[in-house]
Amino acid sequence: MTLAELVAGSVHDAAPALIGWTFLVDGVGGRIVEVEAYDADDAASHSFRGPTQRNAVMFGQPGRLYVYRSYGIHWCANVVCGPVGNGSAVLLRALEPTHGLDRMRARRGTDDDRLLCSGPGRLTQALGLTGTHDGAELGVPPFELVAPDRAAPVERTTRIGITRAADHDWRYVEKGTSWSSRGRRAA
DNA sequence: CAGTGGATGCTCT
DNA sequence: GAGCATCCACTGT
């Protein structure tokens, strides 16, 4: 499956299908092990109340990056999905670091590899993503999204860190991973 | 360990 | 003026 095919469909199909893909920015990144789906009928989604200046990218071309500031401090990155105008996206919550570990350690200011990409704010910091990347097209430099050799086993749970529509099971985690943002295990 | 609260800026009410 | 799709440091066991 190509990236274009994957993001063109429903966000609820694309989100679990993204698990196991390798996401790189300028050669730095890793395997996607945790994501969440957000659509326009979802009270927790930025697109719920229709297009605004901030969420404009969510209503544009699929396969682009939607980046927003979270809690005034962090950046969070999403992959826009579905047909143009439907306002859905997949929040990237955690990666298993595989490429450019040294650059990620330097950006994050830690030698604990478990803390490099296990969380949406950490992930963007490790990969150097900021608001300047909002609306950027994925799959072209400096971005790279590589499909896994075979589909990864995926677990489905409730989303994290939201107050509304928190009961929707739209969080997807690679089964058995120790790199997710919750439930870490020793290496 | 678990639980709490502060940092910090922008969007929408 | 409220409320965040978060993270970290600090507290008390």
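Everything numeric in this text was worked out from a predicted model, so none of it was measured. In what follows, every chain begins at residue 1, and chains take the letters A, B, ... in the order their sequences are listed.
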Select one nucleotide: of [options], the one nearest the side-chain heavy atoms of [X].
X      : options              : result
A:R49  : C:dA5, B:dT13, C:dT6 : B:dT13
A:P120 : C:dA5, C:dC7, B:dT13 : C:dC7
A:R122 : B:dA7, C:dT6, C:dC8  : C:dC8
A:Y71  : C:dT6, B:dC12, B:dA7 : C:dT6

I need the [atom1]-[atom2] distance between [X] and [N], as an integer number of Å.
X      : N      : atom1 : atom2 : value
A:R54  : C:dC4  : CZ    : P     : 11 Å
A:R114 : C:dC7  : CZ    : P     : 16 Å
A:Y66  : B:dC10 : OH    : P     : 14 Å
A:H74  : C:dT6  : NE2   : C1'   : 4 Å
A:E36  : C:dT6  : CD    : C1'   : 12 Å
A:R164 : C:dA5  : CZ    : C1'   : 10 Å
A:D134 : B:dC10 : CG    : P     : 14 Å
A:R107 : C:dC7  : CZ    : P     : 17 Å

Checklist entry - Can you check whether A:Y38 stacks with the C:dA5 base, using ring centres under 5.5 Å and planes within 30°? => result yes
Less than 4.0 angstrom between a side-chain N/O of [X] and OP1 or OP2 of [N], yes or no?
X      : N      : answer
A:R93  : C:dT6  : yes
A:T163 : C:dG3  : no
A:H46  : B:dT11 : no
A:T52  : B:dC12 : yes
A:R69  : C:dA5  : no

Checklist entry - Are A:Y68 and A:H46 close enough, and set up right, to give a ring-ring contact (aromatic ring centres under 6.0 Å, His included), and what steps lead you there? => result CA-CA 10 Å; A:Y68 68 92; A:H46 291 173; 4.5 Å; yes
Next on the checklist: Regarding A:R114 and A:S118, do their side chains bring together a donor and an acceptor under 3.5 Å, going by distance alone?
Outcome noted: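 Note: A:R114 and A:S118 side chains miss the donor-acceptor criterion.
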Checklist entry - Among side-chain atoms of A:R93 and A:S181, is any donor-acceptor pair under 3.5 angstrom? => result yes
Checklist entry - Which part of the nucleic acid, if any, lies within reach of A:I162 when heavy atoms closer than 4.0 Å are counted: base, sugar-phosphate only, or nothing? => result sugar-phosphate
Next on the checklist: Classify A:R171 by what it touches in the nucleic acid, base, sugar-phosphate, or nothing, heavy-atom distance under 4.0 Å.
Outcome noted: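 Nothing: the residue A:R171, judged by heavy atoms under 4.0 Å, touches no strand.
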Item to check | Salt-bridge contact A:E155-A:R171 (side-chain N to carboxylate O under 4.0 Å) | outcome: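 A salt bridge is absent here (no side-chain N lies under 4.0 Å from a carboxylate O).
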Checklist entry - Hey, is CG on A:D169 packed in by over 12 heavy atoms from elsewhere, all under 6.0 Å? => result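 More than 12 heavy atoms, drawn from other residues, nucleotides or ligands, come within 6.0 Å of this atom.
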Item to check | Atom CD of A:Q125 with >12 non-hydrogen neighbours under 6.0 angstrom | outcome: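 It does: A:Q125 CD has more than 12 such atoms within range.
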Checklist entry - In Watson-Crick or G-U wobble terms, both distances under 3.5 Å, what is the partner of B:dG9? => result C:dC4
